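Here's the structure, in structure tokens; my notes come after.
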Amino acid sequence: MSKTHISANTRAYWQQIWETNNLFTVDDDAADPTYILGMFPFTSGDLHMGHVRNYTIADAYARYRRLQGEEVLQPMGWDAFGLPTENESVANDVDPEFWTEQCIDQMRDSMEKLGFSYDWDRELRTSDPEYYRWTQWLFKRLYEHGLAERAQRRVKWCPEDETALADEQVDDGACWRCGTEVETRELDQWFFELTAYADELLDGLDDLQQWPESVKQRQRNWIGRREGVTVTFETDTGDEIDVFTKRLDRLYGTTYLALAPDHPMSRRLAESDPDIAEFVSTVDRTEGDEFDGMRTGVTAIHPATGAELPVYIGAYVVDDLGTGAVMGTPAHDENDHAFATAHDIEHRVVIEPEEDSTEIPYTGEGELIEGGEYTGVATAEAREQLLADLDAATQHTDYRVRDWCISRQRYWGTPIPVVHCEDCGEVLVPDEELPVELPDFTPETGTSLAAHDEFVETTCPECGRDARRETDTLDTFVDSAWYYLRFISPDEGDQPFDTERASEWLPIDQYVGGDENAVMHLLYLRFFARALADIGLIDTREPVRELLTHGMVLNDGTKMSKSEGNVISPAEYGVATTRLFILGAVTPESDFDWSNHRRTASYTLQKELQRLATEGLDDVQSGERRQVDEHVAERVDSAIRTTTDHYESLDFYDVVRELRSLYSTLSEYEEYTTPHENVFRRGIGALVRMLAPITPYLSEELWSRLGDGLLAEGDRWPEPRREGETDERGQRLVESTREDIRDIHDSVGGIDPDRIRIVVAPAWKYAALETALDAERNIYDTVMDEHGDRQGDEVADYARHLAENRYDLGEELPQAREQQVLERASWLIEKELDAEVTVEAASDAEPALAERARPGKPAISIE
RNA sequence: GCGAGGGUGGCUGAGCCUGGCCAAAAGCGGCGGGCUUAAGACCCGCUCCCGUAGGGGUCCGAGGGUUCGAAUCCCUUCCCUCGCACCA
């Protein structure tokens, strides 16, 4: 098992051939190649099984498309900046640059071994100054278009990684990378204005037919659009408090306001009131079932009634949701009810349920009571009227997504091309001075750019006075938000990418990755494309047409990870076995438990295929084709059609299943008789070629003995020679007939038969079936009218059968074809039961037997 | 709580969109046979129940409905997974 028949030499040989023939490189003047891309990896170590699965899927598809004669662009690059690399290199006491190179060399080597057909001429690395120069350039364009800004906002902060994080990068209150609980800090940070595209990003999901529903759903949730109303309350302190509500009809039920502990007004009040300060700093904001709160002494004015409402600070009010303040309607909201009850606040019922309801609080729709001039109005109607009538109420759409915080207080990233000047403020570094290069890493300065004096100290591009460089670097998700564009023209020196070519080559036709990136990378990618489109750099707003997200690779039910100690290295098995196993064991979308499946079957298939292709043709014959030869020839055709369909829909699991089945037909054929050379050669050739996307080395090796040229050259996909409509039906007929024969054979006690007779129904039954299928009313009568004069009782019996089973009737093969299919397949039965098998026409058989035959259901006699 | 995706024969897991060819693929496991001194690997067959000629019964979480006909469509209900959530 540990040995593979594909030696390192063989691999190297074919790699060499492919490379010298430039088979995977795409010319810049290519017209719209099929763009297939696997999400590029972080450079934090060698490949792991998840990578192997990801890239094997993408590569199998790419190779398939190439075999179909298409030009395929499949590039690969490295997401080289970022914390994992920085942390690893610091831990290993080396320069991140050096560490990155090491990783890349190792990963590239593994990828080449695995036979991935990348256009290495387009390889890129985000930490390359020639790459991040353009990341900086694009940052500037966004800035100029008002889509990037520096602002003091409350952001998520990971104390472990010592950097700010984007909201997307916080998972259940913890840093997505290191799992440390994040804090919130008020910081001056850089943001991309993602929220400007919130609507479009959300609505655009509906058009992504070829994206997994789960990914779209997660993006929808994340964007979190809610339609509602903002109500402004004035206070006796002269402030205004905005609250967001979807239920303006509850306005008259408002008996208090509650602010989040982190609301600006809460914090301001805390400055002058020690009790509030104490409360705000100690209250637990994470415990949802605690309804801690504190009265502030501030009074707000109800905009409709003028009533005085107490203002509270409530632990249950979430700061970064809506406006961070709520209007409390205890009688009609669960949380308000709990809070008001705990703090002894008045409950005011203003909505009467439509139907009897004992629900307290009542949160449904109904009719307003005690609602001033709106009393008696239905809730839905009241919302509209109140919105129209009240100046204090304005329609508002609230989103969950926030702007994308792109500042990272770390060394190993793209420097933000900005200089801070005391007089000029923040000034962009001129294009001609890009890239702003990272200073050399030194252990003393560690992981902060701010410690590099020679980097920080500069002059203002505008006034020439002393100034300081921005020391934050960009979130690596910015690097990866546009990498697919750089692949289009990786050597372009005047612009980040060739815009004309981009408009031709985009979008990415097939993107393959893990779904853990659903609301990070994939959302940023979609945002960035839109921003660039509005800037006028590309015209493809939706960058990915079809997305495949594969499941996890597990070992014994748990995720493979170094800490679990259950990692299986890609090198542990041969390339062909690994690729075949990965694709053939489960569908790409489902989780894949390595230990649950047997690798040996994959190994055996390749071994057997190899034998077939190298020795199978030693003993063949030519000349007239026999029935068995025709049967195999047809089976080859149908396998080609089926396999092609499966590849088209990326169902590699079904591909492997079908090819196994074709293999088994070919090997039975060989066992049964001396195969016909043409038929056998074609079958083996088709099998070798159709397996090539999965086992590229093996197939290339075998094809070199069987056919012309190189498979990697493309356009070598086998063509079926026959039309397929009757084939599937024929295969089903053969299968059902074989099953019937086995049934009968078993039920008579499994005695060895000498002879098996298969009798095909007489022609008139086929005609009668046609009549029955076309009959508009009484089937029995119609059939009797048209066929009854010929065969007497027999017709009546069959007509009755047709009438009784009228709903089960379907098209069957024509008589001649049915007979042909059965004759061609009779060898299978002969081989299985070791008996003479004949296929007869009804007219040649005794009436008692012939009578039992129907179209699609031949009569059988075991003797 | 909201939303999405699911619940299929001992297990894993296709089929469901486009109802009939579905007792329902495939793999695993199990049983029998072959190969073999033996084991492993490999090959063949069987693997819901009944049946001595291709038949019958029951079946795709549960209940109901539509239909000549439902694993597939509709409704109700229970359970699982995931995402979001003190959602105002």
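Chain naming here is simple, since letters A, B, ... match the order of the sequence lines and numbering starts at 1 in each. Computed from a predicted model, the values in this text were never measured in an experiment.
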Nucleotide B/A24, atom C1' - distance to CD of A/E735 in whole Å: 15 Å
Earlier contact from the 5' end, RNA chain B, for A/S590 and A/S664: A/S590
Atom-to-atom span, CG of A/L662 to P of B/A26 - whole angstrom: 16 Å
C1'-based separation of B/C35 from B/G20 [nearest Å]: 44 Å
Cationic N near anionic O, under 4.0 Å, A/R154 to A/D262: yes
Nearest-angstrom distance from the residue atom CD of A/E589 to C1' of B/G6: 15 Å
Given B/G54, B/A4, B/C86, the nucleotide with the shortest approach to the side chain of A/Y316: B/C86
B/A70 to B/C59 separation - P atoms, rounded to the nearest Å: 11 Å
Partners meeting salt bridge (Lys or Arg N to Asp or Glu O under 4.0 Å) with A/D398 (sequence neighbours left out): A/R226
Selected nucleotide, minimal atom distance to A/I862 side chain, candidates B/C86, B/A53, B/G54: B/A53
Inter-nucleotide C1' distance (B/U81, B/G61), Å rounded: 15 Å
Rounded P spacing from B/G55 to B/A38 in Å: 41 Å
Integer angstrom distance from the P of B/G5 to that of B/C74: 12 Å
Protein-nucleotide distance (A/D654, atom CG; B/G13, atom P), rounded to Å: 15 Å
Sugar-phosphate, base or nothing in reach of A/V519, heavy atoms under 4.0 Å: nothing
Sugar-phosphate, base or nothing in reach of A/S214, heavy atoms under 4.0 Å: nothing
Phosphate OP1/OP2 of B/A14: any A/T587 side-chain N/O under 4.0 Å: yes
Ion pair check, A/E227 and A/K246, cut-off under 4.0 Å: no
A/I741 vs A/D336, nearer the 5' end of RNA chain B by closest nucleotide: A/I741
Rounded distance in Å between the P positions of B/G6 and B/C73: 10 Å
Pair of N/O donor and acceptor under 3.5 Å linking B/G3 base with A/R220 side chain: no
Protein-nucleotide distance (A/Q217, atom CD; B/G83, atom P), rounded to Å: 12 Å
Intra- and interstrand pairs of RNA chain B - dot-bracket, Watson-Crick/G-U under 3.5 Å, | marks other strand: ((((((((.[[[..)....(.....]]]((((((.......))))))(((....)))...[[[[[..)....]]]]])))))))....
Plane angle bin for A/F244 and A/H396 - parallel if under 30°, tilted between 30 and 60°, otherwise perpendicular: perpendicular
Parallel, tilted or perpendicular: rings of A/H302 and A/F233 (30°, 60°): perpendicular
A/E671 CD to B/C44 P, straight-line distance once rounded to whole Å: 8 Å
side-chain contact (heavy atoms from CB on, under 4.5 Å) partner of A/V401, the single match among A/V519, A/L202, A/I223: A/I223
Between B/A88 (P) and A/R400 (CZ): distance, integer Å: 14 Å
Closest nucleotide among B/A25, B/C84, B/G55 to the A/R657 side chain: B/A25
Spacing of A/R611 atom CZ relative to B/C42 atom P, expressed in whole Å: 15 Å
Sugar-phosphate only, base, or nothing, as touched by A/K216 at under 4.0 Å among non-hydrogen atoms: nothing
Sugar-phosphate only, base, or nothing, as touched by A/R250 at under 4.0 Å among non-hydrogen atoms: nothing
Touch class at under 4.0 angstrom, heavy-atom based, for A/R218 against every strand present: sugar-phosphate
Distance below 4.0 Å between A/R738 side-chain N/O and B/G54 OP1 or OP2: no
salt_bridge(A/E658, A/R641) N-O dist < 4.0 Å: no
Same-atom distance (P) from B/A24 to B/C79, integer angstrom: 33 Å
Candidate pair A/T379 and A/R250, rule side-chain hydrogen bond (donor to acceptor under 3.5 Å, both in side chains), full reasoning: CA-CA 8 Å; A/T379 42; A/R250 294 175 184 161; over 6 Å; no
Touch class at under 4.0 angstrom, heavy-atom based, for A/P212 against every strand present: nothing
Proximal nucleotide (of B/G54, B/C86, B/G3) relative to the A/F291 side chain: B/C86
Parallel, tilted or perpendicular: ring planes of A/H347 versus A/H337, cut at 30 and 60 degrees: perpendicular
Given B/G54, B/C86, B/C84, the nucleotide with the shortest approach to the side chain of A/N221: B/C84
Options B/G5, B/A88, B/C86, nucleotide nearest the side-chain atoms of A/E213: B/G5
Pairwise C1' distance, B/G34 and B/A39 [rounded to whole Å]: 16 Å
A/T255 side-chain N/O to A/E346 backbone N/O, donor-acceptor pair under 3.5 Å: yes
Given B/A53, B/G55, B/A88, the nucleotide with the shortest approach to the side chain of A/K857: B/G55
Nearest listed nucleotide, side chain of A/N335, among B/G54, B/C86, B/A88: B/C86
